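Order of the sequence lines fixes the chain letters, A, B, ..., with proteins taken first and strands second; residue numbering starts at 1 for each chain. Keep in mind that this is a model prediction, so the values were computed, not measured.
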There are 2 protein chains.
Amino acid sequence: MDSRGDSDAGVAEAPIPPATVRRLPSYLRALHGLAERGEERTRSAALAELSGVSPAQLRKDLSFLGSFGTRGVGYDVSELAQYITATLGIETEHRVAIFGIGDLGHALANYPGYSRRGFEVVALFDAAPEIIGTEVAGIVVHGRGDVARVLAEERVTLAVIATPASVAQAATDEAVEAGIRGILSFAPVSLQVPEHVDVRTIDVSSELQILAFHLQAGQIPTRVPGATAAGDTDRV
Amino acid sequence: MDSRGDSDAGVAEAPIPPATVRRLPSYLRALHGLAERGEERTRSAALAELSGVSPAQLRKDLSFLGSFGTRGVGYDVSELAQYITATLGIETEHRVAIFGIGDLGHALANYPGYSRRGFEVVALFDAAPEIIGTEVAGIVVHGRGDVARVLAEERVTLAVIATPASVAQAATDEAVEAGIRGILSFAPVSLQVPEHVDVRTIDVSSELQILAFHLQAGQIPTRVPGATAAGDTDRV
DNA sequence: GGCTGTGAACCGTTTCACAGCA
DNA sequence: TGCTGTGAAACGGTTCACAGCC
């Protein structure tokens with residue numbers, strides 16, 4: 001019941017492995033699902049199944065955050081959810097800006113699930129004069145000239161790039177210039193950013209291409225040595 | 001100049017590592033970019049930079065597909081693009097169905113870049129009576145009762161799930177029932193599928209949560225031992 | 001000379017198997 | 001007894017450094 005010391009910088013906490021961080025959102029999602037169904041306690045086997053990982057994987061991952069379970073019993077759902085929330089740094093909502101208000105930008109702006117997940121969309125940008133000044137999802141769309149001012153005023157910390165590929169780098173540069181350190185891009189290009197900025201890219205076509213690869217005859221029996229099989233969302 | 005034997009099943013080809021397959025789409029994207037700019041030849045350093053990986057990584061990855069470069073010279077852009085296209089199995093277009101025609105489904109249906117990437121959206125499904133029968137992106141939206149028939153008639157091989165999370169499993173089951181073996185899901189749930197079906201999940205909120213983690217003070221100096229730094233889209 | 005292709009070393013991740021504890 | 005927490009083993013992926021070839 002120690003080892004939980006979190007944000008008191010200075011102590012040499014063992015770093016959480018990247019692969020573990022990538023899975024924390026699934027665990028949190030599964031825990032919220034359990035909580036909604038009124039479950040107060042769970043076990044690594046149950047939570048792992050809901051998250052699509054092996055029980056050993058889940059326990060190992062949680063061990064990097066601290067020690068939360070009760071041996072012989074399991075985990076307290078809300079306590080664990082709370083701690084993962086704190087670990088991810090989403091106890092207070094992050095304020096998000098979306099660049100590029102086309103079909104995709106619209107869809108992202110209108111997505112209703114953010115607040116439950118720790119985010120709030122507070123700023124929209126587009127270059128097209130006929131869109132600037134209109135309201136999308138209750139937020140006024142600003143032009144490129146207002147980026148620095150609006151990002152500062154709205155205290156935005158994360159940017160989503162939903163522009164065409166051709167202007168994605170320019171939008172990224174503006175966001176970085178204004179101090180943004182986390183960028184989620186939907187543009188199918190490799191964005192160049194300074195070292196202190198983190199970029200994650202979602203490319204639908206790439207995902208489809210990876211699926212296409214597996215459809216081919218010669219590749220059907222993919223890995224899966226002896227494990228879970230179903231629900232393995234991260235094969236290849 | 002051998003080792004290229006591709007789809008002649010029976011020969012014990014060394015399998016392509018999953019991590020390599022995941023990067024092939026970026027390489028292909030970069031090669032298309034070079035081809036559009038009229039470049040006929042490239043080197044591993046240049047192609048790697050465009051793809052956001054290290055030159056060694058790129059060369060190692062390509063070595064799993066065969067031997068395409070000329071030592072001392074580099075790679076032929078169109079030849080390499082053609083071979084990666086063949087490896088991914090997208091020489092002929094894959095026919096895609098989208099389940100759930102909300103904001104996201106609309107955006108995905110209207111995305112203009114598929115055909116260049118090897119895909120064609122040919123079927124749309126939704127449960128809402130007021131949407132069934134309408135046209136989106138020039139395609140009539142069908143109801144759930146028509147899934148099996150339309151998927152067969154349109155020879156669909158890949159399904160995209162853009163429904164609310166609550167019905168994502170049901171849509172998945174229908175697609176799998178109709179013989180679909182590749183599924184790209186945007187629903188924030190872990191989908192259960194038979195072993196022969198491949199699921200890839202895109203969850204925007206999860207990506208934002210991972211970015212949020214890195215914004216925290218204690219975690220800024222993430223990995224990056226001595227390498228590329230900028231453009232590294234896969235740091236967690 | 002210059003670049004590819006690749007064995008070997010290194011490193012991070014996953015799985016195993018069991019010790020530790022309610 | 002039944003579960004968590006975790007060292008240790010096994011595995012896969014990445015980087016290094018150089019041999020091989022044009």
Peer 1: Name all residues meeting the side-chain contact (heavy atoms from CB on, under 4.5 Å) criterion together with B:Ala30; count only those two or more places apart in sequence or in a different chain, and write none if there are none.
Peer 2: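 Partners of B:Ala30 by the side-chain contact (heavy atoms from CB on, under 4.5 Å) criterion, ordered by chain and then number, come out as B:Leu47, B:Leu50, B:Ser51.
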
Peer 1: In whole Å, I'd like the distance from the NZ atom of A:Lys60 to the P atom of C:dC18.
Peer 2: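 Checked: the NZ to P distance equals 15 Å.
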
Peer 1: Answer with base, sugar-phosphate or nothing: what part of the nucleic acid does A:Arg23 contact at a heavy-atom distance below 4.0 Å?
Peer 2: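 If one applies the 4.0 Å heavy-atom cut-off, A:Arg23 turns out to touch the sugar-phosphate alone, with no base involved.
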
Peer 1: Could you list the protein-to-nucleotides 2-4 of chain D atom pairs, N/O on both sides, closer than 3.5 Å?
Peer 2:
unit_1, atom_1, unit_2, atom_2, d
D:dG2, N2, A:Gly72, N, 3.4
D:dC3, O2, A:Gly72, N, 2.9
D:dT4, OP1, A:Ser44, N, 2.6
D:dT4, OP2, A:Ser44, OG, 2.7
D:dT4, O2, A:Arg71, NH1, 3.3

Peer 1: If I take atom CG in residue B:Leu58 and atom C1' in nucleotide C:dG5, what distance separates them, rounded to the nearest angstrom?
Peer 2: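 Answer to the nearest Å: 12 Å.
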
Peer 1: Looking at B:Val197 and B:Val193, what are the two nearest heavy atoms and their distance?
Peer 2: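 Nearest pair, atom of B:Val197 first, then B:Val193: O-CG2, 3.7 Å.
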
Peer 1: Using the side-chain heavy atoms of A:Ala19, tell me which of these nucleotides is nearest: D:dG13, C:dT13, D:dT15.
Peer 2: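 Looking only at side-chain atoms, A:Ala19 lies closest to C:dT13.
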
Peer 1: Using the test side-chain contact (heavy atoms from CB on, under 4.5 Å), find all partners of B:Arg37 that sit at least two apart in sequence or belong to another chain.
Peer 2: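 Here the qualifying residues are B:Leu34, B:Glu39.
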
Peer 1: Let me know the distance between CD1 of A:Ile16 and P of C:dG12, rounded to the nearest Å.
Peer 2: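 One finds 16 Å between P of C:dG12 and CD1 of A:Ile16, rounded.
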
Peer 1: Nearest whole angstrom, please: distance from the P of C:dT4 to the CG of B:Asp76.
Peer 2: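 After rounding, the reported distance stands at 13 Å.
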
Peer 1: Listed by chain and number, what are the side-chain contact (heavy atoms from CB on, under 4.5 Å) partners of B:Arg41, not counting sequence neighbours?
Peer 2: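 For B:Arg41, the residues satisfying side-chain contact (heavy atoms from CB on, under 4.5 Å) (neighbours in sequence not counted) are B:Val73.
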
Peer 1: Whole angstroms only, please: what is the CD-P distance between A:Gln57 and D:dT6?
Peer 2: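 Interatomic distance, CD of A:Gln57 to P of D:dT6: 16 Å.
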
Peer 1: Taking CZ from B:Arg41 and P from C:dG2, how many angstroms apart are they, rounded to a whole number?
Peer 2: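 In whole Å, C:dG2 P lies 17 Å from B:Arg41 CZ.
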
Peer 1: Ignoring hydrogens and angles, write down the donor-acceptor pairs under 3.5 Å from the side chains of residues 84-93 of chain B, residues two or more places apart or on other chains.
Peer 2:
unit_1, atom_1, unit_2, atom_2, d
B:Thr85, OG1, B:Ala81, O, 2.8
B:Thr87, OG1, B:Tyr83, O, 2.8
B:Glu91, OE2, B:Gln82, NE2, 2.8

Peer 1: Please list all pairs meeting salt bridge (charged side-chain N to carboxylate O under 4.0 Å, His left out) that have one or both residues in residues 62-72 of chain A, counting only residues at least two apart or in different chains.
Peer 2: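 Qualifying pairs: none.
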
Peer 1: Could you state the atom-to-atom distance from CG of A:Leu62 to C1' of C:dT14 in whole Å?
Peer 2: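 The distance from CG of A:Leu62 to C1' of C:dT14 comes to 15 Å, rounded to the nearest Å.
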
Peer 1: In whole angstroms, how far is the C1' atom of C:dT13 from the CZ atom of A:Arg22?
Peer 2: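 Whole-Å distance recorded here is 10 Å.
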
